[in-house]
Amino acid sequence: NRLYFEYRYLIVWSNQFLLNRGFAIFSGDCVNQSLLFSAEKLFESFIAHLFKKYASDNLVSVQHRKYFLVDKYGDEGRGRFRLRPDIVVESNNQGSLGCKITIIDTKWKNLDSGLPDKNYLIDIKDMYQLYAYGQKYHLGDSYIVDSIPNLVLIYPYTEKFQKRLGSFSYEEVKEKYGLHLVVFPFNLADFEDDGYKKQVLEILKVAPAPEFTYPIGCQSTFEVLNNEVDTGTENGYVAKPDDRYMLIGFYRNRVHLDWICNNHLYNVRYDERREGSFVGINIIPSRVVLYNNLEEKTLAFTVNQSGTMIADGEKMIKDLKYPVTNPSGKIGERYKLFSLGPEIKHFKKIDILQLKENNKIDSDSYAPFFVKY
């Protein structure tokens with residue numbers, strides 16, 4: 001009757017649960033309620049829960065919100081299109097190197113290991129997505145070493161997808177230090193005998209892990225190249241494909257720094273008659289680190305690997321408007337120009353003076369030098 005009108009839904013639900021009635025379709029005049037859940041969201045949330053539970057020695061973040069795809073839009077100076085990888089696992093076992101990062105995205109889709117010609121049915125949008133994550137997290141926090149994240153895609157384990165696929169290398173030219181992606185099946189039925197835990201630990205273990213080196217300041221065995229004597233061969237220094245180099249450069253003052261930032265260029269002398277010349281060192285570094293003894297501000301930039309440019313003093317002054325107090329003194333000189341990429345805004349402090357002392361470089365010398373790391 002009307003006294004129980006407000007309880008009508010509670011009574012229906014109580015009957016449903018207390019009398020063990022299911023939610024499937026069946027005949028009869030009973031009121032049947034159905035609950036619908038997104039399988040994709042369930043899979044994503046459950047895998048995230050398992051990583052938080054079984055990778056507890058690490059910092060596990062769900063829907064990580066640290067970076068934007070677009071760092072700056074217009075005059076607002078604000079980022080746009082926030083990146084949200086499903087799971088980010090940061091391991092602190094690298095000591096002063098910082099964190100080893102594993103970026104994981106889960107996809108509720110069927111793959112087929114027997115269809116390599118169709119890319120195992122992997123959606124190219126998923127590959128784009130992980131590449132964007134890798135690039136942003138790669139450039140975000142370190143210039144001391146290339147903090148290359150491990151990229152992982154997790155799909156459901158099925159009859160047609162039972163073993164992880166081989167590593168996908170995004171950049172062949174940087175085979176050793178470039179971005180790599182591994183695709184794993186996750187078996188939801190393997191919950192006995194710590195099956196979930198084993199799978200989580202296997203993913204973190206097998207995910208591609210680039211080699212790391214100690215950062216500058218932690219050891220004194222870095223190979224420093226700062227003049228022709230160090231090149232070692234008559235034809236100049238030969239850089240190996242697997243080696244990485246950082247150029248340590250000096251900026252004279254604020255005007256010089258503004259020219260560097262506005263033109264996205266850094267120049268070194270390319271004249272064998274002058275001390276500090278780089279005629280014999282044909283290297284394109286992966287990083288340029290700029291310092292000034294009068295200012296504590298140290299800047300770091302990525303370097304575009306497409307090549308370098310050689311310019312004489314006249315071009316530097318007339319075309320590139322290079323700031324000098326005595327323009328006539330630059331005529332006849334040659335310069336090698338490195339094209340700078342994005343500035344790395346969040347990075348670990350580097351002690352330039354300590355680096356010079358460790359490698360027996362005069363602290364009063366402002367000549368740029370390379371560090372192989």
Side-chain angles (χ1 to χ4, degrees), residues 37-53 55-56 58-92 94 97-109 122-156 168 170-171 174 178-184 186 200 203-204 207-208 210 261 264 286-287 299-304 340-348:
F37 297 95
S38 166
E40 182 179 0
K41 291 293 183 183
L42 283 175
F43 184 61
E44 174 187 313
S45 300
F46 186 60
I47 297 299
H49 164 75
L50 294 179
F51 272 86
K52 282 191 169 184
K53 181 177 181 179
S56 56
N58 309 279
L59 176 61
V60 180
S61 304
V62 179
Q63 295 295 313
H64 206 236
R65 297 164 56 88
K66 188 172 184 179
Y67 298 113
F68 290 91
L69 183 62
V70 177
D71 288 332
K72 182 179 179 181
Y73 172 73
D75 296 330
E76 300 176 5
R78 296 169 52 191
R80 294 292 183 95
F81 305 103
R82 189 183 293 276
L83 299 178
R84 296 182 183 179
D86 291 341
I87 306 167
V88 173
V89 182
E90 298 174 86
S91 172
N92 289 310
Q94 297 296 330
L97 276 177
C99 296
K100 169 187 170 185
I101 297 177
T102 301
I103 301 173
I104 302 168
D105 239 42
T106 55
K107 305 295 180 184
W108 183 252
K109 301 174 183 177
I122 298 174
D123 195 325
I124 191 172
K125 292 185 294 185
D126 298 337
M127 301 296 288
Y128 283 145
Q129 186 178 31
L130 268 293
Y131 184 69
Y133 293 159
Q135 287 291 348
K136 283 295 179 179
Y137 282 75
H138 178 191
L139 299 177
D141 291 312
S142 176
Y143 65 81
I144 291 177
V145 269
D146 292 321
S147 297
I148 304 172
N150 306 330
L151 304 178
V152 178
L153 275 173
I154 295 179
Y155 293 83
F168 292 88
Y170 279 108
E171 290 110 354
K174 295 186 288 185
L179 290 172
H180 301 264
L181 170 71
V182 174
V183 180
F184 281 89
F186 199 95
V200 168
I203 289 172
L204 293 179
C261 295
H264 306 288
S286 60
R287 300 287 187 268
L299 297 91
F301 298 87
T302 59
V303 177
N304 297 322
L340 302 183
E343 180 185 351
I344 306 171
K345 297 182 179 179
H346 306 285
F347 55 83
K348 302 171 180 63

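Values reported hereafter were calculated over all heavy atoms of this structure, with side chains retained and with hydrogens, waters and symmetry mates removed.
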[atom1]/[X] to [atom2]/[Y] distance, rounded to the nearest 0.5 angstrom?
{"X": "Phe168", "Y": "Leu130", "atom1": "CZ", "atom2": "CG", "result": "11.0 Å"}
{"X": "Lys52", "Y": "Ser61", "atom1": "NZ", "atom2": "OG", "result": "7.5 Å"}
{"X": "Ile203", "Y": "Ile87", "atom1": "CD1", "atom2": "CD1", "result": "8.5 Å"}
{"X": "Leu181", "Y": "Tyr131", "atom1": "CG", "atom2": "OH", "result": "12.5 Å"}
{"X": "Glu90", "Y": "Ile101", "atom1": "CD", "atom2": "CD1", "result": "5.0 Å"}
{"X": "Leu340", "Y": "Thr302", "atom1": "CG", "atom2": "OG1", "result": "7.5 Å"}

[X]: partners by side-chain contact (heavy atoms from CB on, under 4.5 Å), with sequence neighbours left out:
{"X": "Phe81", "value": "Leu69, Val70"}
{"X": "Ser56", "value": "none"}
{"X": "Asp126", "value": "Lys107, Lys109, Asp123, Gln129, Leu153, Tyr155"}

Smallest separation among heavy atoms of [X] and [Y], with atom names:
{"X": "Leu179", "Y": "Pro149", "value": "CD2-CD, 4.0 Å"}
{"X": "His64", "Y": "Val88", "value": "CB-CG2, 3.5 Å"}
{"X": "Leu83", "Y": "Ala132", "value": "CD1-O, 4.3 Å"}
{"X": "Ala48", "Y": "Val62", "value": "CB-CG2, 3.8 Å"}
{"X": "Ala55", "Y": "Leu204", "value": "CB-CD1, 3.8 Å"}

For this session: Take Phe51 and Asn58 through the test side chain to side chain contact (heavy atoms under 4.5 Å, CB included) and record every step on the way to the result.
Result: CA-CA 9 Å; Phe51 272 86; Asn58 309 279; over 6 Å; no

Exercise. Phe43: what forms a ring pair (Phe, Tyr, Trp, His ring centres under 6.0 Å) with it, not counting sequence neighbours?
Worked result: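 Testing Phe43 for ring pair (Phe, Tyr, Trp, His ring centres under 6.0 Å), a comparison that skips the adjacent residues, returns Trp108.
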
Problem set entry | Set of residues satisfying side-chain hydrogen bond (donor to acceptor under 3.5 Å, both in side chains) with respect to Gln63, sequence neighbours excluded |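 Partners of Gln63 by the side-chain hydrogen bond (donor to acceptor under 3.5 Å, both in side chains) criterion, ordered by chain and then number, come out as Glu44, Asp86.
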
Problem set entry | Heavy-atom donor-acceptor pair, Tyr133 side chain to Ile104 backbone, under 3.5 Å |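 Side chain of Tyr133 to backbone of Ile104, a donor-acceptor pair under 3.5 Å: no, none is there.
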
For this session: Without swapping roles, check the side chain of Ser38 against the backbone of Lys41 for a donor-acceptor pair under 3.5 Å.
Result: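 Yes; at least one donor-acceptor contact below 3.5 Å.
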
Problem set entry | Thr106 and Phe186, any side-chain heavy atoms less than 4.5 Å apart |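 When only atoms from C-beta onward are counted, Thr106 and Phe186 do not touch, as no gap falls below 4.5 Å.
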
For this session: Sort out for me which residue in Ile103, Asn150, Thr102 forms a side-chain contact (heavy atoms from CB on, under 4.5 Å) with Val89.
Result: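 Testing Val89 for a side-chain contact (heavy atoms from CB on, under 4.5 Å) against Ile103, Asn150, Thr102 leaves exactly one candidate, Thr102.
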
